[in-house]
Each structure stands twice: as C-alpha cells, then as structure tokens.
Amino acid sequence: MRLQPSRRRGLRASLRAAVPTALAVGLLALAMPAQAHTTLLDSGPASGQEVNVGTELIALQFGEVIDPSGDLEVAVLDKDESPLEVSASQAGGDGSFVCTRVEPLEPGVHTVRYEVTSADGHVVRGNYQFSVAEGGEAADPLACEIDALPEPSEAKSLSDQDQSDFPEWALWTIGGVVVVTAALAVVAVMRSRRDEDEESDSDDNASGGTGPNA
C-alpha cells in the first residue's frame with residue numbers, strides 16, 4: 001500500500017527531526033547527574049591560597065545541606081602526599097558546612113580531599129590544593145569553630161577522584177541508547193530519501209511514456 005504524498009512528506013519530516021531530538025535528549029540525560037548533586041562553594045583555606053604555618057582548621061561550604069548520617073570525611077595530605085592526622089569531621093553552621101581539625105600544618109603544598117553525602121543521598125567527592133608558608137594569610141574559618149572540634153587522631157587518605165557516585169554503567173547505557181536511536185533515525189531518513197528518489201524516477205518515466213503519438 002502506497003502512502004499519499006502528503007503523508008509521505010509528513011513521515012519524512014518526522015524522521016529527519018528524530019536525529020537532533022535524540023541527540024538533545026541524550027545530552028540532557030548526561031547533564032542531569034552532574035546537576036543533581038551539591039558542589040563545593042567555598043573553603044578555608046581556599047583553593048590556591050597561601051596560609052600561615054600552624055593552620056589547624058579545614059572549613060568547607062557546599063551548595064546544599066550535607067547529610068551528617070552519611071559519609072562525612074575530610075583528608076589532608078602534605079607536600080609528600082602523606083596523610084596528616086585529622087579529627088572526625090562535623091557539620092557546621094546551617095548544615096552546609098563541614099568542619100575538620102588537622103594537626104598544625106608545616107610549609108609546603110597541601111591537598112584537601114573530601115567525601116560527603118548530599119541531601120539527595122549521593123556521595124560527592126572532590127579535592128583541591130593550597131600552600132603553607134611563613135607569613136601567609138589566616139584561613140577563613142567560615143562557619144566552623146575549631147574549639148568545638150576534637151583533637152586530630154587519625155591519618156586518612158581518601159580517593160583523589162572528583163566525581164559523584166552516579167553509576168558509570170548508567171552513563172554508558174544512556175550514551176548507548178542515544179547512539180542507537182540516532183543511528184536508526186539516520187537509516188530511516190536515508191531510506192526515506194531513497195524512496196523519494198525512486199518515486200521521482202518512476203514519475204519521470206511515466207511522464208516520458210505518455211507523450212503524443214507520432
């Protein structure tokens with residue numbers, strides 16, 4: 001059964017629109033995991049800041065309230081990437097701050113690694129660096145109070161990955177669905193164009209065969 005010309009044109013238009021639509025949906029799906037979780041807004045010491053020798057407080061501020069019943073870990077590494085002793089981390093301020101006491105810092109570049117649970121239940125990991133030197137600045141305590149924290153007692157070394165726990169297999173699955181959908185749409189458009197060309201050739205042949213008799 002042959003479709004009417006108007007219906008064929010509508011079908012071809014729908015198929016051609018499927019490619020950008022599939023790609024747009026895929027990009028949106030891939031972007032959603034990143035937007036769903038909290039991010040680090042501020043810190044003391046700040047990223048790249050040079051603070052004074054003897055600094056003992058690490059203060060982190062996130063974009064939403066942190067779940068204190070989930071992961072709440074902060075590690076500090078010295079210039080040799082050796083973990084320093086830190087206290088148990090605590091939520092501070094309005095609940096979006098994480099406070100940790102660290103043994104007095106010596107000169108050199110230090111790395112802060114954190115692993116916290118956001119309000120939506122996802123674990124968020126990240127890291128940044130700052131330096132320590134004589135005559136450096138005082139680190140901003142944000143909403144943290146060092147006297148409210150226990151003494152450092154444990155050297156921790158967390159993952160250096162900067163990511164959330166959105167499953168990697170889910171990202172691959174979403175990407176695969178987008179690729180397959182786009183491929184099928186491209187094939188459908190190509191077939192539609194081929195049918196259109198064949199129809200045009202058929203019409204031309206029919207027109208050529210109905211000319212006036214000699």
Side-chain angles (χ1 to χ4, degrees), residues 31-168 170-171:
M32 287 177 61
Q35 297 174 350
H37 314 310
T38 188
T39 56
L40 182 66
L41 297 182
D42 198 5
S43 63
S47 177
Q49 184 182 15
E50 183 177 84
V51 298
N52 198 17
V53 171
T55 295
E56 298 181 67
L57 178 65
I58 303 297
L60 308 176
Q61 181 185 10
F62 293 88
E64 63 181 60
V65 173
I66 298 302
D67 182 2
S69 65
D71 289 349
L72 194 64
E73 303 286 348
V74 174
V76 182
L77 282 64
D78 65 15
K79 61 182 179 180
D80 299 318
E81 294 293 307
S82 298
L84 302 177
E85 288 192 352
V86 295
S87 68
S89 298
Q90 298 180 1
D94 61 1
S96 65
F97 296 86
V98 174
C99 311
T100 309
R101 192 167 187 169
V102 62
E103 63 179 275
L105 300 180
E106 298 294 331
V109 175
H110 290 66
T111 301
V112 174
R113 295 177 180 173
Y114 57 86
E115 184 174 303
V116 300
T117 303
S118 62
D120 62 6
H122 288 86
V123 176
V124 178
R125 304 178 181 90
N127 63 86
Y128 73 92
Q129 291 185 319
F130 66 91
S131 60
V132 178
E134 293 286 353
E137 301 174 323
D140 188 345
L142 302 180
C144 298
E145 298 181 7
I146 191 169
D147 292 338
L149 298 170
E151 291 290 329
S153 59
E154 182 182 359
K156 301 179 181 180
S157 180
L158 301 177
S159 169
D160 62 353
Q161 294 181 344
D162 188 358
Q163 61 182 30
S164 71
D165 67 347
F166 190 79
E168 184 176 356
L171 296 177

Practice item. Return the set of residues passing side-chain hydrogen bond (donor to acceptor under 3.5 Å, both in side chains) with Glu56 (not counting sequence neighbours), or none when no residue passes. Key: none
Check your understanding: Between Thr117 and Asp71, is there a donor-acceptor pair closer than 3.5 Å when you use the side chain of the first and the backbone of the second?
Key -> yes
Review point. For the side chain of Ser43 and the backbone of Leu60, is there at least one donor-acceptor N/O pair under 3.5 Å apart?
Key: no
Exercise for review: Can you measure from OG1 (Thr111) to CG (Asn127) and round to the nearest 0.5 angstrom?
Suggested key: 7.0 Å
Practice item. Measure the shortest side-chain to side-chain distance between Thr100 and Leu149 over non-hydrogen atoms and say whether it is less than 4.5 angstrom. Key: no
**Study point:** Value rounded to 0.5 Å, distance of CD in Gln61 from OG1 in Thr38
**Key:** 9.5 Å
Review point. Would a 4.5 Å heavy-atom cut-off, applied to side chains only, mark Tyr114 and Val98 as touching?
Key: no
Point to revise | For the student: nearest non-hydrogen atoms of Pro45 and Leu57, plus distance | key: CD-O, 3.6 Å
Review point. Which atom names give the shortest non-hydrogen contact between Pro150 and Gln90, and what distance separates them?
Key: CD-NE2, 3.6 Å
Point to revise | Those residues that, when tested against Phe130, pass ring-ring contact (aromatic ring centres under 6.0 Å, His included) (two or more places apart) | key: His110
Study note, to complete from the structure: Heavy atoms of Lys79 and Pro107 approach each other most closely as CD-O, 4.0 Å
Exercise for review: Look at Arg113 together with Glu81 and state whether they make a salt bridge at an N to O cut-off of under 4.0 Å.
Suggested key: yes
Exercise for review: Nearest 0.5 Å please: distance from the CD atom of Glu115 over to the CZ atom of Arg125.
Suggested key: 4.5 Å
Revision key, fill the gap. Nearest heavy-atom approach of Ala139 to Gly44 is CB-C, 4.1 Å
Study note, to complete from the structure: Applying side-chain contact (heavy atoms from CB on, under 4.5 Å) to Asp147 and not counting sequence neighbours gives none
Point to revise | By side-chain hydrogen bond (donor to acceptor under 3.5 Å, both in side chains) - contacts of Ser96 (at least two apart) | key: Asp94
Exercise for review: Find out whether Pro83 and Val76 are in side-chain contact, i.e. whether some heavy atom of one side chain is under 4.5 Å from a heavy atom of the other.
Suggested key: no
**Study point:** Approximate separation, where rounding is to 0.5 Å, of Leu142 CG and Asp42 CG
**Key:** 5.0 Å
Review point. Quick one: side-chain hydrogen bond (donor to acceptor under 3.5 Å, both in side chains) partners of Glu137, sequence neighbours excluded?
Key: Gln49
Review point. Considering all heavy atoms of both residues, which atom of Asn52 and which atom of Gly135 are nearest to each other, and what is their separation?
Key: OD1-N, 3.2 Å
Exercise for review: Would you indicate whether the side-chain heavy atoms of Glu145 and Cys99 approach each other to under 4.5 Å?
Suggested key: no
**Study point:** Closest contact, heavy atoms only, Ala59 versus Pro141
**Key:** CB-O, 3.4 Å
Review point. Looking only at atom types and distance, does a side-chain atom of Glu64 sit under 3.5 Å from a main-chain N or O of Ala119, one as donor and one as acceptor?
Key: yes
**Study point:** Atom pair CD/CZ of Glu85 and Arg101 - distance to nearest 0.5 Å
**Key:** 12.5 Å
Review point. Quick one: side-chain hydrogen bond (donor to acceptor under 3.5 Å, both in side chains) partners of Asp67, sequence neighbours excluded?
Key: Ser69
Point to revise | Interatomic spacing from CD1 in Ile66 to OG in Ser89 - rounded to 0.5 Å | key: 11.0 Å
